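Heads up: the structure comes next, in structure tokens.
Naming: A, B, ... by sequence-line order, numbering from 1 per chain. Remember, it's a predicted structure, so these values are computed and weren't measured experimentally.
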Number of protein chains: 2
Amino acid sequence: MNAKQPEEGKRAQTRRRRIEELKEAGLVLFLEKGIESVTIDEIVQRASVAKGSFYRYFRDKAELVQSLFEELVSSMEVIFDRCETRLEEASSSEALQEAYVALAAELAPLLLERASRVLLYLQENRAPAVGARESIHQLTTLLNQRALRLTRAAHTHGLLRPYPHKLSAYVVLGATERLLFALLSGDDLGDLLSLPDQLTSLILNGLHTEEIASDETIEKSEG
Amino acid sequence: MNAKQPEEGKRAQTRRRRIEELKEAGLVLFLEKGIESVTIDEIVQRASVAKGSFYRYFRDKAELVQSLFEELVSSMEVIFDRCETRLEEASSSEALQEAYVALAAELAPLLLERASRVLLYLQENRAPAVGARESIHQLTTLLNQRALRLTRAAHTHGLLRPYPHKLSAYVVLGATERLLFALLSGDDLGDLLSLPDQLTSLILNGLHTEEIASDETIEKSEG
DNA sequence: GAGGAATGTGACTGTTTAGTCATCTTTTAA
DNA sequence: TTAAAAGATGACTAAACAGTCACATTCCTC
């Protein structure tokens with residue numbers, strides 16, 4: 001149970017390494033072929049491990065996938081919790097904004113450090129939550145709920161235009177995830193450093209050069 | 001080959017019906033379990049057809065999936081082509097806007113009419129383009145290219161703020177697809193009729209109540 | 001209405017797969 | 001040092017699967 005003790009026996013050490021090897025092999029294959037198409041045989045072959053050994057460490061493929069996302073999920077929960085605490089304690093509009101900026105600043109390095117897992121999440125995200133994809137759906141639910149709560153908080157404090165909360169939350173989440181997917185897939189998105197700022201600005205201020213009342217748009221489509 | 005002639009023989013008629021039954025059965029199962037997890041046996045059982053019959057109509061599962069998207073792809077190509085023609089011919093800023101509004105007006109009923117296929121597309125969209133998912137990836141490429149071209153046109157005419165084209169295109173696409181996914185998954189998004197207008201307004205004018213210079217945001221995160 | 005072509009069928013084949021297990025090796029702890 | 005526990009291994013089993021095929025049935029054409 002003690003993780004980093006030098007007193008860790010050879011047993012525990014190999015155990016940890018084997019598990020890491022199996023997870024890494026699975027991750028690579030999942031990204032290459034999609035979770036459902038990857039077999040245990042492929043995983044153990046790639047990890048250079050006997051088939052029986054796989055079952056010593058994981059009950060099945062679903063448990064391997066779950067173990068891939070455990071850290072990520074709990075890390076994100078901590079970060080979101082922290083942000084929500086900040087939001088509750090904030091009194092000024094500036095403090096609120098700072099909380100959101102801090103959220104992005106904490107989330108970004110985590111997502112980049114765990115790029116492969118994030119890509120796997122984005123890739124399997126919307127598929128039916130059956131079998132090995134159940135744990136991925138868990139992360140989806142987490143993100144949706146948190147995005148919704150954060151949006152609600154922003155709305156409550158009059159920071160945002162009065163769109164329905166779900167609409168705002170899904171638009172932000174959808175745009176962000178789409179960009180993240182492109183980025184992690186190797187798509188060239190220009191200067192990476194300015195990307196978060198560009199996204200924020202685009203979402204907050206809009207694409208348009210001049211403000212357009214929604215009524216105008218309606219009348220255009222009907223007249 | 002002649003589709004709607006009353007002169008169509010019993011053969012051709014049953015053939016068409018069988019194909020439709022197999023496609024429908026496949027579609028339902030794909031949505032339920034994900035494309036890769038569905039077997040030919042399940043499909044023929046659901047369609048109440050012998051296994052051998054399946055192979056009389058489709059070479060394999062990939063061809064069934066492809067046939068599911070053929071109409072949708074060509075319809076969308078026509079609509080996008082028409083929009084691009086309008087954009088080229090447009091001289092005024094109003095004509096440009098009209099072209100975009102018309103695009104939305106043509107796309108919306110198609111997407112709603114083919115809801116199941118669209119949902120399947122959204123669901124399998126980002127998964128690796130191997131095997132049966134190749135034809136889905138084809139639609140993804142189509143949409144990305146067209147979105148990019150439309151964005152470029154809008155930028156060229158000074159309609160949008162000067163973000164990188166890819167950024168604008170992906171943000172719009174990502175947000176739209178996320179909302180569409182929620183909608184088609186049965187998520188409650190409020191008044192459906194005002195949804196397109198709300199989305200357009202949100203993306204064009206932004207979420208924020210007051211304009212924010214991007215420099216301010218940067219300094220907040222660093223100071 | 002006859003001959004031929006297309007269609008329907010499900011048993012069958014060969015392959016792939018998940019999961020097990022007997023057996024051997026390594027590590028631990030006393 | 002040694003006994004027991006944990007780990008490693010790959011052959012093995014049973015089930016699932018894609019794709020085929022011989023044969024029966026239906027439809028079309030002349």
Contact nearer the 5' end of DNA chain D, comparing Val49(A) with Ile40(B) = Val49(A)
What residues 54-61 of chain B contributes to the DNA chain C interface at heavy-atom separation below 4.0 Å is Arg56(B), Tyr57(B)
Ion pair check, Arg86(A) and Glu98(A), cut-off under 4.0 Å = no
Atom CZ of Arg18(A) and atom C1' of dT9(D): how far apart are they, to the nearest Å?
-> 11 Å
Side chains of Tyr163(B) and Ser201(A): donor-acceptor distance under 3.5 Å anywhere?
-> yes
Could you state the CG-C1' distance from Leu64(A) to dG19(C), rounded to the nearest angstrom?
-> 15 Å
State whether a side-chain donor-acceptor pair under 3.5 Å links Asp60(A) with Tyr55(A).
-> no
5′-ward residue of the pair Ser37(B)/Arg15(A) relative to DNA chain D | Arg15(A)
Establish, with yes or no, whether the OP1 or OP2 oxygen of dG7(D) is under 4.0 angstrom from a side-chain nitrogen or oxygen of Ser53(A).
-> no
Send over the distance from Asp41(A) CG to dC12(D) C1', rounded to a whole Å.
-> 13 Å
I'd like a table of atom pairs between the protein and nucleotides 26-30 of chain D - only N or O on both sides, under 3.5 Å - with the distance next to each one.
residue: dT26(D); atom: O2; partner: Arg11(B); partner atom: NH1; Å: 3.4
residue: dC27(D); atom: O4'; partner: Arg11(B); partner atom: NH1; Å: 2.7
residue: dC27(D); atom: O2; partner: Arg11(B); partner atom: NH2; Å: 3.4
residue: dC28(D); atom: OP1; partner: Lys10(B); partner atom: N; Å: 2.4
residue: dC28(D); atom: OP1; partner: Arg11(B); partner atom: N; Å: 2.8

Does a donor on one side chain sit under 3.5 Å from an acceptor on the other, for Asp191(A) and Gln198(A)?
-> no
Whole-Å distance between dT27(C) P and Arg16(A) CZ?
-> 17 Å
Expressed in angstrom and rounded to an integer, what is the separation of Glu63(A) atom CD from dG19(C) atom P?
-> 11 Å
Length of the CD1-C1' vector between Ile43(B) and dA16(D), whole Å | 15 Å
Kindly indicate, with the supporting measurements, whether the criterion side chain to side chain contact (heavy atoms under 4.5 Å, CB included) is fulfilled by Arg117(B) and Lys23(B).
-> CA-CA 11 Å; Arg117(B) 284 153 220 244; Lys23(B) 281 163 76 172; 4.3 Å; yes
When rounded to the nearest 0.5 angstrom, what is the spacing between CG in Leu103(B) and CZ in Arg82(B)?
-> 10.0 Å
Could you tell me whether Glu84(B) and Arg149(B) make a salt bridge, using a distance below 4.0 angstrom between a side-chain N and a carboxylate O?
-> yes
Can you tell me how far P of dT7(C) sits from CD of Glu21(B), to the nearest Å?
-> 15 Å
d(NZ, Lys51(A); C1', dT20(C)) in whole Å = 10 Å
Under 3.5 Å side-chain donor-acceptor pair for Glu21(A) and Tyr57(A) = no
What's the verdict on side chain to side chain contact (heavy atoms under 4.5 Å, CB included) for Glu32(B) and Leu29(B), showing C-alpha distance, side-chain angles and the deciding distance?
-> CA-CA 5 Å; Glu32(B) 219 165 77; Leu29(B) 288 167; 4.1 Å; yes
In terms of the nearest nucleotide of DNA chain C, which residue is placed more toward the 5' end: Gly52(A) or Val38(A)?
-> Val38(A)
